[in-house]
Amino acid sequence: MTQTRTSEPSPSRVSDLQVSVSVVAAWSRKLVVTVPGSRVRRVRDGVVAGIARRVRRPGFRKGHVPRWIVEREYAREIDRETLERVVEEAFREAVAREGLEPITEGAIEVLRWEGGASEADLVFAATFDVRPEIELKRLGGFRIVGPPVEVTE
């Protein structure tokens, strides 16, 4: 039982994410989110700038190390932090936009990402449980029948 729904941004809030929601089970959902490369690049630039402000290298004042040196020496850390920030931010935005209420932490799987300084899109999937909707058929009209109670002195 898998249903898929793709949503576009609502007119009240402009978002550049593409989100697809699949119903895996009655209580489980799978989001496939595509984050545009321009957004990933903006986050990556912020991560590089933050690291560059803290780096000390011989021959340079603190915070004045050229960007290309920072990117070359800290490429793995930059990619890891960029991925973490983009996925966390996009996941929260997609869940809010779709009106879902996760009750478990999502299992994230990166489906496609080039990494580095490329302008490629990031595509990831998140599978999580949501609060089940329980429909009660009858709320009243119950009668309790028990054995008669005999009162003595």
Side-chain angles (χ1 to χ4, degrees), residues 1-140:
M1 178 179 138
T2 301
Q3 299 173 346
T4 303
R5 178 179 87 222
T6 303
S7 75
E8 293 302 318
S10 65
S12 62
R13 180 186 167 132
V14 177
S15 176
D16 52 0
L17 297 179
Q18 293 176 354
V19 181
S20 171
V21 180
S22 300
V23 178
V24 179
W27 60 89
S28 185
R29 301 291 182 272
K30 180 176 184 176
L31 284 177
V32 178
V33 181
T34 303
V35 183
S38 58
R39 184 172 180 172
V40 176
R41 181 70 183 173
R42 276 195 312 270
V43 172
R44 188 177 197 284
D45 289 345
V47 169
V48 171
I51 291 175
R53 281 192 296 272
R54 297 186 310 257
V55 170
R56 290 180 186 247
R57 296 276 304 169
F60 299 99
R61 292 179 296 163
K62 180 181 177 184
H64 292 278
V65 178
R67 182 182 176 101
W68 66 271
I69 292 176
V70 172
E71 287 184 356
R72 184 187 68 200
E73 292 188 9
Y74 297 96
R76 293 174 94 183
E77 291 84 2
I78 291 169
D79 285 347
R80 180 189 51 76
E81 191 170 335
T82 299
L83 186 62
E84 285 177 6
R85 286 186 186 184
V86 170
V87 167
E88 180 182 339
E89 192 177 286
F91 176 74
R92 272 195 258 130
E93 185 178 325
V95 165
R97 189 168 87 192
E98 295 299 321
L100 300 171
E101 295 180 38
I103 58 172
T104 60
E105 197 167 308
I108 306 291
E109 175 187 0
V110 175
L111 302 177
R112 188 180 71 223
W113 187 48
E114 310 265 329
S118 70
E119 284 282 331
D121 293 350
L122 165 66
V123 180
F124 68 92
T127 306
F128 54 92
D129 293 340
V130 294
R131 186 178 318 276
E133 295 179 17
I134 301 170
E135 192 174 309
L136 299 175
K137 300 289 182 190
R138 191 172 113 188
L139 296 177

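These numbers come from a predicted model, not from an experiment.
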Considering all heavy atoms of both residues, which atom of [X] and which atom of [Y] are nearest to each other, and what is their separation?
| X | Y | result |
| --- | --- | --- |
| I51 | I78 | CD1-CG1, 3.7 Å |
| V19 | L31 | CG1-CD2, 3.7 Å |
| R29 | V130 | CG-CG1, 3.8 Å |
| A94 | L17 | N-CD1, 4.3 Å |
| K62 | R54 | CE-O, 4.2 Å |
| F124 | F91 | CZ-N, 3.9 Å |

Please answer whether the main-chain N or O of D129 pairs with a side-chain N or O of T104 as donor and acceptor at a distance below 3.5 Å.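 Judged by distance alone, yes, a pair lies under 3.5 Å.
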Calculate, to the nearest 0.5 Å, the distance between atoms [atom1] and [atom2] belonging to [X] and [Y] respectively.
| X | Y | atom1 | atom2 | result |
| --- | --- | --- | --- | --- |
| I108 | E88 | CD1 | CD | 10.0 Å |
| R97 | R92 | CZ | CZ | 15.5 Å |
| R41 | T82 | CZ | OG1 | 9.5 Å |
| E93 | E98 | CD | CD | 11.0 Å |
| L111 | T34 | CG | OG1 | 8.5 Å |
| D45 | E71 | CG | CD | 7.5 Å |

Please identify which of these residues, R57, R56, R67, meets the salt bridge (Lys or Arg N to Asp or Glu O under 4.0 Å) condition with E73.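 Answer after filtering R57, R56, R67: R57.
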State plainly whether the residues E109 and K30 are in salt-bridge range, i.e. N to O under 4.0 Å.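 Result for this pair is no, no salt bridge flagged.
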Are D79 and R44 close enough that some pair of their side-chain heavy atoms sits under 4.5 Å apart?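 A side-chain contact exists here, since the closest heavy-atom pair is under 4.5 Å.
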